[in-house]
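The next block holds one structure in the form of structure tokens; read it before the comments.
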Amino acid sequence: MTLNPSLSALLGCIAILSLPAAALAGTREDQLAAYATAARAADPAFAGFSPARGKILHTRSFAGGKPDTPACTSCHGSEPRGAGRTPAGKAVEPMALSASPSRYTDPAKVEKWFKRNCNEVLGRECAPLEKGDWLSFMLGQ
Amino acid sequence: MNMPRSISLRPFILGAAAAAFSLVVLGRAQAGGSHHFPPVVDPLVKEECGSCHLAFAPSMLPASSWQRMMVNLKDHFGDDASLDPAVAAKITDYLVTNAGDRGGQRYGDKLLRGVTSDRPPLRITELPKWVREHRKVPDWEWKHKEVRTRANCTACHVDAAKGYYDD
């Protein structure tokens, strides 16, 4: 038995269309899992990420970075569900997943901003534990 | 016999005058005077150059400026704006192609007057023409909490994102 050509074309379309959605849904979890693997490699006693620690990381001030951006909240604002603002006046969409549902689906983009912003705020790159804590805090917000 | 002829010509003369007037006005609007700089349309450039600040129009700087800027993104006016080299190359290509002395010449020509090529400027806000056009803006306006930096074009030029800097 052979499939009707238009039916097989339709099935093909459905298969292709459902791929990105499935890939997107797993992206955040995959990235968290990758951070967990790296955190465990750095410290065998690693016992999972903590949104509470992520919240502290997001809101506390650091002395090692640039004086005009001592905290994540300097640009992102103190409310994760609210918009932030860059020093050059550009609005930053909220970091909380509930307020910006399309966030954290591109691992390279997440890494790009961790690299830049950790350097600006902390004066160093963030450790996998810090990235995972912070991300799990924002995913739950 | 003469009278009706001259009367019948009147609407045509008026029509021609109106057409000429609108041509002049439309022509000026299209060229945008010297205050129109077509905004970035490439989605990659828009995303990468427009996250922290307005994605500045490529016609606002000469090609040599963009090239000089794009090789030092690690220290981008004091910020780390480093990019994947392949992405950076694509962006450089777009900026250079549309630079104020290349594809965007008819827009950037006036703004780039007095710019010498020996040391290409990195800051749009240091171009002689830019400085002249903003000389009347008082200090307190620059320090206003809605402005804060000269790079924040949209604080005063409400249509800057669309490429219009007339006000």
Main-chain N/O of B:Ala81 paired to A:Lys112 side chain as donor or acceptor, under 3.5 Å: no
Gap between atom CZ of B:Arg148 and atom CG of A:Asp68 - 0.5 Å precision: 10.5 Å
Heavy-atom neighbours of B:Glu47 CD exceed 12 at 6.0 Å: yes
Pairing of A:Lys109 and B:Glu48 as salt bridge, 4.0 angstrom limit: no
Check: A:Arg85 and B:Glu146 side chains under 4.5 Å, non-hydrogen atoms: yes
Chain A contact via B:Ser51 - which portion, at a heavy-atom distance below 4.5 Å: both
Any residue of residues 120-141 of chain A which, by heavy atoms, sits under 4.5 Å from chain B: A:Glu120
Joint hydrophobic cluster, B:Val41 plus B:Leu95, side-chain heavy atoms closer than 4.5 Å: yes
Spacing of CG belonging to A:Asn119 relative to CG belonging to B:Asp79, to within rounding of 0.5 Å: 11.0 Å
Residue among B:Ala155, B:Ala151, B:Cys153, B:Ser82 with most heavy-atom pairs under 4.5 Å to chain A: B:Ser82
Verify same cluster id: B:Phe77, B:Ile91 (apolar side-chain graph, 4.5 Å): yes
Same apolar cluster: B:Val158 and B:Val147, side chain cutoff 4.5 Å: no
Options B:Leu54, B:Asp84, B:Leu83, B:Asp80, ranked by heavy-atom pairs under 4.5 Å with chain A, top entry: B:Asp80
hydrophobic_cluster_shared for B:Phe56 and B:Val131, side chain cutoff 4.5 Å: yes
Whether over 12 other heavy atoms sit under 6.0 Å from B:Lys129 NZ: yes
Nearest non-hydrogen partners of A:Ala88 and B:Cys52, listed with the distance: CB-O, 3.4 Å
Atom NZ of B:Lys90 with >12 non-hydrogen neighbours under 6.0 angstrom: no
